[in-house]
Structure formats: structure tokens, C-alpha cells
Amino acid sequence: MGSLFRSEDMCLAQLFLQAGSAYDCISELGETGLVEFRDLNPSVNCFQRKFVNEIKRCEEMERILGFLLREIKKADLPLPDRDVNPVAPLPKHIMATMEQLQRLEAELSEVTRNKEKLQKNLRELTEYTHMLHVTKNFAQRGSEDPPQAQYEEFPFLERDAALDYTGMQRMGAKLGFISGLIQRPKIEAFERMMWRVCKGYTILSYSEIDEYLEDPDTGEPTKSVVFLISYWGELIGQKVKKICDCYHCHLYPYPSSREERTDVVEGLGTRIQDLNTVLLRTDDYLRQVLKKASESVYTWYIQVKKMKAIYYVLNLCSLDVTNKCLISEVWCPVGDLGAVRQALEEGSRKSGATLPSFVNRIPSNDTPPTLIKTNKFTSGFQNIVDAYGVGTYREVNPAPFTIITFPFLFAVMFGDLGHGLIMAVFASWMVLYENNRKLKNTRNEIWNTFFEGRYIILLMGLFSIYTGLIYNDCFSKSLNLFGSGWSVKAMFEAGVWKGSDIAANRFLILDPNITGVFKGPYPLGIDPIWNLANNRLTFLNSYKMKMSVILGIVHMSFGVVLSVYNHLHFRKKSNLYLVFLPELLFMWCLFGYLVFMVVYKWLAFSASESKTAPSILIHFINMFLMQSSGNQLLYPGQVGVQGFLLVIALLSVPVLLLGKPLYLYWLHNGSQRLGMYRGYERVRRGSEEELSLMHAQDMEEGSGHSDPSTSREHQKEQINFGDEFLHQGIHTIEYCLGCVSNTASYLRLWALSLAHAQLSEVLWRMVMHLGLRVDTSLGVLFLVPVFGLFAVLTVSILLVMEGLSAFLHALRLHWVEFQNKFYSGNGIKFSPFSFALLASSFDHDGFP
């Protein structure tokens with residue numbers, strides 16, 4: 001709880017790495033993931049650093065691995081188990097690994113190219129075969145038609161009947177044929193273009209192929225059309241070929257005789273059979289090579305990533321004057337310095353260095369990064385806090401309190417026993433199978449969001465079950481578990497109700513003042529009789545609205561109290577009296593008093609006095625107007641108490657506005673005695689880093705631990721009192737107005753709870769109630785689709801949409817109303833050098 005309550009204590013350390021063992025030491029530090037390296041060469045271009053050639057070599061290996069993974073994915077081969085975690089290879093083994101990858105790439109590239117050529121030849125031969133079969137039908141139809149029908153498309157033959165085929169030959173025209181394939185969508189435009197350009201000197205015949213052929217560009221199966229063009233003359237033939245090229249037609253030679261056609265078809269069948277045999281053997285060989293590569297590709301990928309990360313870190317280091325030692329600066333948790341030393345010793349031992357590498361802690365005035373250690377349960381709640389802003393170094397972390405308050409406020413808005421049970425069961429299933437690789441390693445971002453927040457969903461479901469029991473609401477219906485505390489029988493025994501009253505009135509009022517009508521409160525939650533009451537909504541509105549105000553003020557007050565831990569930790573005790581106390585008095589003298597009036601009215605007035613009970617709203621308004629109305633008072637001396645509390649609240653505003661700036665002004669312009677008193681003699685000399693941190697914190701407060709003769713002048717230069725007044729004025733206005741607006745903001749708990757209950761009731765009445773009303777023999781069969789529709793609407797609307805709405809509103813209440821009371825969120829997140837994230841990057845890169 002201590003490490004989660006506040007970020008880890010960090011220190012700046014200097015690593016002295018021997019040149020021969022630097023690679024192994026960085027590798028050991030990457031395995032531990034305990035340090036964050038700083039760049040000691042910010043002015044040096046990344047292409048001018050010492051290990052840039054090694055990084056380029058790693059990038060080349062990454063490119064080859066990417067090619068291998070794409071080929072493995074294309075071949076639909078499984079990858080091996082990813083539980084292995086290979087260590088980074090030694091530098092002397094890098095060239096051997098790269099040569100192995102290059103040989104494998106060259107072999108795969110050659111086999112792939114040959115396969116593509118064979119497939120292209122097979123595709124062309126297949127198209128040629130289809131073309132010959134289809135054009136054979138054209139020739140058969142042409143021989144059956146009369147001779148004059150062959151030239152009916154030439155317009156000049158109709159005008160000059162004496163001009164026939166022998167006349168065309170005497171003109172020197174030569175009949176030629178062009179055949180091929182074209183895609184089905186292009187045939188109509190192709191036909192129109194052929195007619196317009198050739199002006200009728202062509203005869204176009206075409207027919208669609210029944211089978212689907214593979215498109216050479218996209219690889220998808222498409223419909224193709226075989227065409228045969230008869231043309232007159234060489235010039236027309238050149239135009240026809242140009243049009244075919246424009247439409248990307250696949251042209252094949254047309255046999256001049258039937259015997260030639262038969263020989264070509266037989267030869268094509270033999271070649272296609274041979275090509276299929278060669279392709280089958282090529283596929284087998286390619287799969288063998290890829291299968292062998294797939295056994296080591298994950299290991300190679302992790303090793304190359306580790307090598308690249310190590311050389312990237314080495315580029316952040318600086319060389320000493322002898323060029324025999326690398327110096328680096330790292331941020332490290334103080335408690336893990338021993339593990340860092342052990343990692344350096346292990347790296348030196350593996351490399352066989354004569355001189356060991358070591359770590360030295362150095363002081364620094366820079367703000368350390370924020371590190372909060374989490375586990376699989378707390379990480380989701382910490383991500384909610386970090387989404388608002390990474391915590392400032394060593395300030396109070398809201399995450400441990402968010403573990404309880406966030407699902408609870410969600411459940412207040414989502415309170416339903418049935419809906420909470422469904423949510424809890426779904427989250428429990430994800431928790432039970434959290435180690436399932438198929439659930440963890442998916443590319444669906446929506447599913448990954450749900451899976452990462454499975455513990456949040458689990459707690460939200462459990463708290464919703466609890467609030468559902470308090471509201472006595474289960475799919476908009478009440479559960480009578482303990483028996484109602486209200487009795488109708490007593491109304492008849494007392495003679496208030498008669499049989500005629502029941503027949504004449506739709507609604508009758510139960511009077512709790514009559515003995516026996518109200519036996520006592522329901523043991524858990526709201527009495528189920530309210531589900532039948534006509535004024536149920538009025539009662540629940542009053543109950544939930546007051547509950548929301550009480551929860552909101554308690555939640556905000558808790559945030560103000562947490563600021564005490566920040567003031568004490570950063571030794572700003574003056575803020576306890578000048579900031580915390582005025583804030584708490586202002587809130588509790590006004591809005592805390594409102595909570596008091598609500599609770600007091602619940603306890604002080606019985607059912608018989610309820611009609612004469614005063615209005616809390618009227619009394620709260622009169623408190624600000626400083627006047628007393630003629631209404632009944634809640635308690636004796638109420639006017640005096642309200643006036644006293646109002647005065648205290650008003651006096652806390654100038655204290656909050658002027659207290660801190662005036663204190664800083666007095667502190668920086670006071671006597672030298674104060675500076676002497678706050679000197680180094682008061683500070684525990686734990687370490688140089690602690691002294692520098694204390695010095696920076698006291699400078700922020702207004703007192704630096706420096707030489708008394710120069711401290712006052714230095715501090716006057718550091719602090720601008722105009723800025724202090726401005727900042728404190730903004731804080732005062734924001735806090736005072738925020739107390740009003742934030743209290744009203746918590747009314748969303750009431751509004752969303754009411755909306756969820758009403759939507760659930762409407763869904764029950766509009767869907768499920770209709771199915772249950774059918775009392776015929778077919779009612780059971782009708783109830784099945786009705787229940788299915790009810791289940792789908794419940795999950796999609798009430799669980800997903802309403803759940804997301806309640807989640808966002810609970811998020812806003814924590815970020816704006818709760819965390820801004822004590823949490824600044826201006827820190828820098830600790831980003832350690834760790835190899836643990838390399839396995840997840842394997843999936844993030846888009847590989848299977």
C-alpha cells in the first residue's frame with residue numbers, strides 16, 4: 001500500500017561501463033527493467049553517433065525478418081511457442097546471424113520468383129486453352145452460316161453488291177485474325193471502341209468463359225471473355241492491336257487450320273500437366289524452408305530487437321577522455337540500486353572484463369520521473385488516474401482510493417442486481433481465462449480495452465449487485481426477500497378502509513400513523529411495496545437526490561483531507577493553516593451543514609410530524625440571506641448556528657486568498673534570525689540527493705537552505721509576489737465556486753440512476769411484459785423470441801450503452817470533483833529500459 005499510495009523514491013545515478021563489458025551490462029539492465037537512461041549527447045545527430053552502423057545492421061535484419069514473417073503468414077504456417085525469452089546475442093555472433101538471414105532471404109526470394117513465373121506461365125497456358133476451345137465454336141458457327149452473312153457488318157458491301165470476297169483480294173486487302181481474353185466489365189466499351197476506330201472493317205465475336213480465372217494483378221478470381229477479331233488489311237490490324245493494348249487484353253496466336261489447333265491443344269495439355277507437377281514440388285520445397293525458418297523466427301526477432309535496443313542505449317552514453325569507459329546517467333528507484341549493482345557485476349562477469357563496471361549515486365536538482373509499481377489488479381485503476389495526468393513526483397496517488405470509490409460511484413448510477421450480475425459473470429470469465437493467449441493477443445482494440453479493464457468491470461459488477469440490493473431493483477422488479485414492513489390488513493381493522501373503497505378508488509393511501517400499518521424498515525434496501533406505489537418515483541427522487549449530495553460532499557471532503565499528506569510530505573506546514581483549514585471550513589460550514597440538516601431531519605421527525613416538517617431548501621437559502629422565515633425551525637438556536645457558520649465560511653475566503661502570499665512575503669522579508677533557524681542545522685543529512693530535493697522544495701515554499709548572508713537576496717530573485725497573488729487568487733475563486741458547482745455535479749448520480757431504472761422498466765413493459773401476457777398454448781413458443789429480443793436489448797442498451805455512460809460520468813467525478821482537491825498530475829512518467837515489452841511489439845507490428 002505504501003508504494004501505491006505514493007510514487008517510488010527515485011535517485012539519479014551514474015554508470016561507469018568498461019568498453020568491453022558495456023554491451024553485456026546494458027543487456028542485463030534491460031532484462032531487469034529498473035533504470036531509465038538519459039541522453040548525454042543531445043547535440044549530436046543520430047547519424048553521427050558511435051554505434052550507428054550496428055543499428056543499421058539491426059534494421060537490415062529486421063527488414064529480412066519482416067519478409068520472412070510475411071511469407072510465413074502467406075503460407076499459413078503456425079509460429080512456435082512464444083514463451084521463450086532468448087538473451088541478446090554477443091556482438092561477435094551478429095555477423096553470423098545476419099549471414100544466415102541473408103542466405104535464407106536469397107533462397108526464399110529465388111524460389112518465390114520462380115514460383116511466380118511458373119504461375120504466370122500456367123495462367124497464360126490456361127487462358128490459351130480456354131481461348132482455343134471457345135474460338136473453335138466460333139469457327140463451327142461460321143462454317144454453318146451462308147457466305148454472305150460473314151460480311152453483313154461491312155456497310156459498303158450493301159451499297160456495292162458486286163464487291164465480294166474476291167474483290168477485296170483484288171484490292172490487296174488481307175484477312176487477318178486476332179484472338180485473346182478481356183475482363184468481363186470491359187467488353188462493352190471495347191466493342192464500341194473497335195467499331196468507331198475501325199469503321200466496320202472488323203468482325204468481333206466473343207463469348208464468356210464459364211470458369212473463374214485468376215486476375216494477374218489482384219490475384220482474385222474474375223470472369224473473362226474470349227474474343228476473336230477478323231480484320232481486313234495491315235493498317236486495320238495495327239489499330240486493333242493498339243486498342244487491345246489499351247484495354248489490357250491478353251492476346252494469343254490464332255491457329256490457321258483445324259489440324260494446327262488440335263496439335264496446339266494437345267501440346268498445351270501436356271505443358272499444363274508438367275507445370276502443375278513442378279508447382280506442386282516448388283510449393284512443398286517452399287513450405288519446408290518456411291517451416292524450418294518459422295521455428296527460429298521468433299527467437300531471431302527478439303534477439304534483433306534486443307540488440308537494436310542495446311546499441312540505441314549505448315548511443316546515449318558518453319565516452320571518457322581515454323575512450324575506454326562509457327559513462328551514462330540513469331534514473332533508478334532507490335530501493336533497486338542493489339539490483340542494478342548486481343546486474344552490472346553479472347554483465348562484467350559474462351564479458352570477462354578485468355575491471356568491473358559500477359554505479360555511483362549523484363545529487364541532482366532535476367525533478368525525478370514518477371514510478372508507481374502496479375500489478376495486474378491495480379494497473380487498470382492506475383491507468384484511469386494517469387489518463388488525467390501522471391502524478392507529480394512523490395505526491396499522493398489517488399489510485400488506491402479509486403479502487404473503491406470508482407466502482408462504487410459507477411454502481412450508484414448503474415444499480416441493478418440483474419445487470420450487475422451479468423457484468424460480474426462476464427468479468428469473472430475474463431479473469432479466469434486471463435492467461436489465454438487468444439484472448440490476450442487479439443487485434444480488436446475494443447476487445448483489448450475490455451480485457452485490460454477486466455478487474456475494473458468485475459468490481460463494477462459486484463458493486464452494482466450491492467447497490468441493486470439497496471435499491472431493491474432486479475431488471476426493474478423488486479425482490480421480496482424478507483417480507484414487506486407495510487401491512488394492508490391494519491387499515492381494514494382500524495376501519496379506515498372498507499370494501500366499497502377498494503371498488504371505488506384506484507389508489508389508496510397507507511397511513512403509517514395507524515398502529516400495525518408500518519411494522520418497521522425493510523432489513524436490506526428499499527421496501528418492495530414501493531414497486532407498487534403510485535408515488536414511487538417521487539420517493540426515489542427525494543431519496544437518491546439527497547444521497548447524491550451526501551456522497552458528493554463526503555467524496556470532495558476526503559480529497560481535501562488527502563491534501564494534508566502532500567503538505568506534510570513536502571514540509572509545507574504553513575499550508576495546513578493557510579490553505580487546508582480554510583478550504584475545509586468553507587466546505588463544511590456551508591455544504592457540510594446541508595448534510596447535517598438532511599440527516600437531522602431524517603432522525604428528528606417521525607411519520608406523524610412529516611406533514612409539518614420544515615423545508616431544508618428554504619432554510620439553506622435563508623442561511624445565505626441571513627434572515628429567518630416564519631417556518632418551523634429544525635432545532636432550537638438554528639438561526640444563531642447558521643449565522644455563525646456563515647461568518648466562519650466568509651472569513652475563510654480572505655484567509656485562503658491572502659494568507660499564503662502574505663506569509664511568503666513576510667518570510668522573505670523577515671529577520672535573518674528566521675533564515676538562521678531554517679538553515680542546514682535543522683535538516684537530517686541523509687544524502688546529497690535528499691538535501692538537494694529539500695532545497696528545491698523549500699525554495700518553492702520560500703526558504704532555501706543556503707548561506708544566510710546570500711539566501712535572502714537569492715530568494716527575492718526567485719519569487720515573484722505578483723504571480724503568487726495571482727495564482728492564489730485563481731485558486732481561491734476556483735475552489736469557492738467549485739464547491740457549489742461540484743456539489744451540483746454529483747447530482748448526476750441521482751439523474752443517471754433514475755434514467756437507468758426508467759429505461760429498464762420501459763424495456764420490461766414494452767418487450768418482456770408482452771410475452772408474459774400471452775396465456776394461450778403458443779405462449780411458450782412466443783416467449784422464446786421475446787426473451788431473445790429482451791436479452792439483446794438489455795445487453796446492447798442497458799449494459800453497453802448505459803454502462804459506458806455511467807463509466808464516463810464516474811470518470812469525470814474522479815478527475816474534476818475529487819482529484820483536483822489534492823492531485824496536480826504534472827509529473828513525468830518513468831520509462832525504464834526493459835526488454836519485457838518486446839514480445840508485445842511482435843504482435844503490434846502486425847505479425848500473427
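Values below: all heavy atoms of this structure, side chains included; hydrogens, waters and symmetry mates excluded. In this chain, numbering begins with 1 at the start of the sequence shown.
- Ring planes of Phe558 and Phe818: parallel class, angle under 30° (limits at 30 and 60°).
- Every side chain to side chain contact (heavy atoms under 4.5 Å, CB included) that Asn45 has, sequence neighbours left out, goes to Phe47, Gln48.
- For the residue pair Ser824 and Glu395, a side-chain donor N or O sits within less than 3.5 Å of a side-chain acceptor on the partner.
- Ala387 meets the side chain to side chain contact (heavy atoms under 4.5 Å, CB included) test with Trp815; sequence neighbours excluded.
- Taking the ring-ring contact (aromatic ring centres under 6.0 Å, His included) definition, one finds that Tyr311 meets it with Tyr23, Phe51, sequence neighbours left out.
- Using modelled atom types and a 3.5 Å distance limit, the side chains of Lys306 and Asn85 yield a donor-acceptor pair.
- Salt-bridge check for Glu346 with Arg349: passed, with a basic side-chain N closer than 4.0 Å to an acidic carboxylate O.
- Under the side chain to side chain donor-acceptor pair (under 3.5 Å) criterion, Glu62 pairs with Lys305, Lys308, sequence neighbours left out.
- When only modelled atom types and interatomic distance are considered, Asn383 and Glu452 share no side-chain donor-acceptor pair under 3.5 Å.
- Side chain of Thr97 to main chain of His93: a donor-acceptor pair is present (N/O by atom type, distance under 3.5 Å, no hydrogens or angles).
- In this structure, Lys291 does not pair ionically with Asp284, as no charged nitrogen and carboxylate oxygen lie closer than 4.0 Å.
- Using a 4.0 Å cut-off between a side-chain N of Lys or Arg and a carboxylate O of Asp or Glu, Glu71 and Lys74 qualify as a salt bridge.
- Checked by atom type, the side-chain pair Asn375/Thr378 shows a donor-acceptor distance below 3.5 Å.
- Remark: side-chain polar atoms of Tyr823 are not paired, donor with acceptor, to backbone N or O of Pro398 under 3.5 angstrom.
- Taking the six-membered ring for Trp, Phe822 and Tyr565 have ring centres at least 6.0 Å apart.
- Between the side chain of Arg361 and the main chain of Ala13, no donor-acceptor pair closer than 3.5 Å is present.
- Phe67 meets the ring-ring contact (aromatic ring centres under 6.0 Å, His included) test with no other residue; sequence neighbours excluded.
- Defined by atom type and a distance below 3.5 Å, a donor-acceptor pair is present between the side-chain atoms of Asn448 and Thr442.
- Using the six-membered ring where Trp is involved, Phe835 and Phe833 have ring planes that are perpendicular, over 60° apart on the 30 and 60° scheme.
- Tyr393 and Asn826 share no side-chain donor-acceptor pair at under 3.5 Å.
- With hydrogens and angles ignored, the 3.5 Å screen pairs no side-chain donor or acceptor of Thr402 with any backbone N or O of Phe381.
- A side-chain N or O of His814 and one of Thr405 form a donor-acceptor pair less than 3.5 Å apart.
- Between the side chain of Arg454 and the main chain of Phe377, no donor-acceptor pair closer than 3.5 Å is present.
- Salt-bridge formation is detected for the pair Glu60/Arg63: a Lys NZ or Arg NE/NH1/NH2 atom is positioned less than 4.0 Å from an Asp or Glu carboxylate oxygen.
- Sorted by first and then second residue, the pairs that involve residues 371-380 and meet salt bridge (charged side-chain N to carboxylate O under 4.0 Å, His left out), not counting sequence neighbours, are Asp336-Lys373, Lys376-Glu434.
- Distance alone, capped at 3.5 Å, places no donor-acceptor pair between the Arg341 side chain and the Phe358 backbone.
- Residues Lys350 and Glu28 are paired through a salt bridge, judged by an N-O separation under 4.0 Å between the basic side chain and the carboxylate.
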